[in-house]
Amino acid sequence: MSEFRIHHDVNELLSLLRVHGGEGAEVYIDLLQKNRTPYVTTTVSAHSAKVKIAEFSRTPEDFLKKYDELKSKNTRHLDSLVYLLSKLTEDKETLQYLQQNAKERAELAANAATSGSTNFSVPSSTSKISLQELEELRKQLGSVTANSSVQQPLELTRKMLRDKQNKKNSGQPIPVFPSWVYERPALIGDFLIGSSLSTDTTVPIGTLPLASQESMIVEDLLYVLIGVDGRYITAQPLVGRQSRAFSVDPNLDLSIKELVTRILPVAASYSAVTRFIEEKSSFEYGQVNHALAAAMRTLIKEYMILITQLEHLQRQGLLSLQKLWFYIQPTMRTLEILASLATSVDKGECMGGSTLSLLHDKTFNYTGDSQAQELCLYLTKAASVPYFEILEKWIYRGIINDPYSEFMVEEHELQKEKIQEDYNDKYWDQRYTVVQQQIPSFLQKMADKILSTGKYLNVVRECGRDVTCPVAKEVIYTLKERAYVEQIEKAYNYASKVLLDFLMEEKELVAHLSRSIKHYFLMDQGDFFVHFMDLTEEELKKPVDDIITTRLEALLELALRMSTANTDPFKDDLKIDLMPHDLITQLLRVLAIETKQEKAIISADPTELTLSGLEAFSFDYIVKWPLSLIINRKALTRYQMLFRHMFYCKHVERQLCNVWISNKTAKQFSLHSAKWFAGAFTLRQRMLNFVQNIQYYMMFEVMEPTWHILEKNLKLVS
């Protein structure tokens, strides 16, 4: 977490809690900064924390239900939050304060509501609705709700996803299945509710002998296990995303019914998995979900082969209910895990990286169950293939090919030319950003390095050079995180070296800094400034509105040609900039960023006084891509503020020197008359000494040593 984020969060928390006065935010910020670590050093166990909160809570069932719901949605940082809440339950003083705070806020909200409610009155009802009309309206609303809960959300979700993806890939629309795929429910391997296809007359099962009942039920079960209603066992309509329920003929013998209820969860799991496969096979849900659905389809094919073999046995009269239960048991566990995964992905509305996080966490949770872990590992490997293909392109070539918005790095359309005008350097910070929910949990620690690796290569690509990492290897999912870390580290080191060499050698970064920035902005080139200030003295005395910029530009070029700065190959990049504010106002505006005073300072009149050219004058520097990533507007603004201060000090020194020259005329007076000037001369000399000493201190005690450190670091940087 960055320093600015800590500042923001602490201030936000204090304002939410309405804390005023006291020691202020700075104390808490310092405390947090001293205690933070660069890496996540501990992983918290939520189990004991969960138990502690449940014991403390007035409604433990509601709390545990909410926790399980958020866990099934794979909510990030949930365990850390629960751990923090459990710690709060131990702190009586903080709890008392929070309760009091909540009470005060509730009272304030109630007062605001009552004051607001007095402004209007409820209109009197002129027309009444009859009970019959009310009942009809209720039925209509009920039928609309029932229809929309089944079909509409899927269509709406697909449309929303499709619109979002097409907006992102404007030139390349996402492929779509033809409408008849969704309009023909018989194509899906799940149950068809309310459309009984069987024309056979059903014999009441209670009238049949036990052996015949068993034979009939085995036949029914074989149908139900592949998503087709039987005569005596039928599927119930689904309510929302709940598991499939079945109704069994009540006249069935109890011993048979007991075994049937044991087998039916397999059919419920099959139904959930089949629905998931059909839904996630649509292009709109992304490549990761598509790959997961394809892997599940492969497993379902094996299940269908088993059912076909059981049907063959049943035709030969060799399949009893007990045998069916025996043969189906190994598959039961597999389908249960598949259904659990499908439900979790559905509930969490997971796509891309969030799907992989969920699969990875499930794989880890099955550590003691080797068969279940192997199954989850197979599914995660299959689902991660398209994600890793995007990752490889990004870390090895700096290219993002992510049409379905599944990858952890998101690209935004920004123009790199804007970097010259943009104070906050949006291009580097916002062109590529990390999408937190799309970071797979097994790549969480490496997310920043993955972002930087692709960014570095992308910068070089933007300059027309094709780059491919020589240490590129295929990334394959494994439970051993070290494998990813090594590959990403190698790619990161290569990308860093490529960009660094490109900036240092080809784009001459050090030369730009030492020849131009230091010479002009830190006033390192003495003879140039003497020439320039002599030439522009009269012009800069005028009010800023009366100054002709082109004249100043011409004088600058003349000063550059007449001084040793003429040998600088980058001298043509130096420009004149007349600022709208004086230096103090500029500093105040910078300090007010992201504070309450920001709006007031920005909307205020630039200055009460008319600025002179000297007060408004500054240099500007044209930096071309990709050096503008480093010597950006933020950096240049800092150099400009330093320059304006130094330049004004130099101007004051020149003024005092001119006074010293004019004081020479005192020599023509007699010694008796000249003694009256002694006090003025002493004051002038002390002022001159002060200005020269402060300039010496700034240039040789502050800027020069730190510049040497900068140069040394640039030579050692890797």
Side-chain angles (χ1 to χ4, degrees), residues 185-239 242-277 296-297 299-340 342-343 371-372 375:
L187 290 173
I188 300 166
D190 196 20
F191 295 93
L192 290 173
I193 305 298
S195 57
S196 181
L197 301 175
S198 175
T199 53
D200 299 351
T201 53
T202 308
V203 180
I205 199 158
T207 60
L208 298 171
L210 203 60
S212 300
Q213 281 191 31
E214 185 178 352
S215 176
M216 289 282 196
I217 285 298
V218 167
E219 188 182 349
D220 257 21
L221 279 170
L222 289 172
Y223 277 116
V224 170
L225 288 170
I226 56 167
V228 179
D229 279 335
R231 293 185 186 131
Y232 307 105
I233 306 169
T234 52
Q236 297 293 309
L238 284 167
V239 181
Q242 287 180 6
S243 183
R244 177 78 72 186
F246 297 90
S247 65
V248 183
D249 196 310
N251 300 316
L252 188 64
D253 186 81
L254 280 174
S255 60
I256 295 173
K257 201 171 187 178
E258 174 61 32
L259 257 181
V260 168
T261 51
R262 285 192 201 175
I263 294 169
L264 282 177
V266 180
S269 297
Y270 169 80
S271 172
V273 174
T274 308
R275 271 181 283 123
F276 178 83
I277 290 169
M296 284 188 174
R297 199 189 293 275
L299 294 169
I300 289 293
K301 278 180 186 171
E302 291 176 13
Y303 166 77
M304 295 299 276
I305 291 165
L306 171 68
I307 299 297
T308 310
Q309 288 168 348
L310 292 174
E311 281 177 356
H312 187 63
L313 286 174
Q314 191 258 338
R315 284 197 207 99
Q316 293 175 334
L318 301 172
L319 188 67
S320 66
L321 194 58
Q322 197 66 44
K323 273 187 179 177
L324 175 61
W325 170 236
F326 172 75
Y327 285 127
I328 211 79
Q329 275 188 72
T331 317
M332 193 174 188
R333 179 73 177 132
T334 304
L335 282 172
E336 189 188 321
I337 293 165
L338 293 181
S340 160
T343 309
Q371 192 184 348
L375 174 64

Exercise for the section: Give every residue pair that meets the salt bridge (charged side-chain N to carboxylate O under 4.0 Å, His left out) criterion with at least one member in residues 203-213, sequence neighbours excluded. Expected result: none
Exercise for the section: Apply side chain to side chain contact (heavy atoms under 4.5 Å, CB included) to Leu318 and list each qualifying residue two or more places apart in sequence or on a separate chain. Expected result: Leu313, Gln316
Handout entry: Those residues that, when tested against Arg333, pass side chain to side chain donor-acceptor pair (under 3.5 Å) (two or more places apart)
Key = Asp369
Exercise for the section: To the nearest 0.5 angstrom, please state how far the CG atom of Asp249 sits from the NZ atom of Lys257. Expected result: 8.0 Å
Handout entry: For Gln329, all residues meeting side chain to side chain contact (heavy atoms under 4.5 Å, CB included), sequence neighbours excluded
Key = Trp325
Exercise for the section: Drop me the distance from Ile328's CD1 to Leu310's CG, to the nearest 0.5 angstrom. Expected result: 6.0 Å
Completion exercise
Applying side chain to side chain contact (heavy atoms under 4.5 Å, CB included) to Ala268 and not counting sequence neighbours gives Ser243, Arg244, Phe246
Handout entry: With sequence neighbours excluded, residues passing side chain to side chain donor-acceptor pair (under 3.5 Å) with Gln236
Key = Ser247
Completion exercise
Closest non-hydrogen atoms of Gly230 and Val224, given as atom of the first, atom of the second and distance, are N-CG2, 3.9 Å
Problem - Nearest-0.5 Å distance, CG of residue Leu264 to OG of residue Ser269 - result: 11.0 Å
Exercise for the section: Output the distance between atom OG1 (Thr343) and atom CZ (Arg275), rounded to the nearest 0.5 Å. Expected result: 8.0 Å
Side-chain donor-acceptor pairs of residues 209-223 under 3.5 Å, sequence neighbours excluded:
from   : atom 1 : to     : atom 2 : distance (Å)
Gln213 : OE1    : Asp253 : N      : 3.1
Gln213 : NE2    : Ile205 : O      : 3.2
Gln213 : NE2    : Leu208 : O      : 3.1
Glu214 : OE2    : Leu321 : N      : 2.7
Asp220 : OD1    : Arg231 : N      : 3.0
Asp220 : OD2    : Arg231 : N      : 2.9
Asp220 : OD2    : Tyr232 : N      : 2.5
Asp220 : OD2    : Ile233 : N      : 3.2

Handout entry: Qualifying residues under salt bridge (Lys or Arg N to Asp or Glu O under 4.0 Å), relative to Glu302, sequence neighbours excluded
Key = none
Handout entry: Interatomic spacing from CD1 in Ile277 to CG in Leu299 - rounded to 0.5 Å
Key = 8.5 Å
Exercise for the section: Hey, could you give me the CG/CD distance between Leu259 and Gln322, rounded to the nearest 0.5 Å? Expected result: 5.0 Å
Handout entry: Glu336 backbone acceptor or donor facing Ser340 side chain under 3.5 Å
Key = no
Fill in the blank from the handout: Nearest heavy-atom contact between Ala272 and Ala342 is O-CB, 4.5 Å
Practice task
Enumerate the residue pairs fulfilling ring-ring contact (aromatic ring centres under 6.0 Å, His included) with a member in residues 302-321, sequence neighbours excluded, ordered by first and then second residue.
Solution key: Tyr270-Tyr303
Handout entry: Selection residues 258-267 - residue pairs positive for side-chain hydrogen bond (donor to acceptor under 3.5 Å, both in side chains), sequence neighbours left out
Key = none
Problem - Set of residues satisfying side chain to side chain donor-acceptor pair (under 3.5 Å) with respect to Thr308, sequence neighbours excluded - result: none
Fill in the blank from the handout: What one should report as the nearest heavy-atom pair of Leu335 and Val273 is O-CG2, 4.2 Å
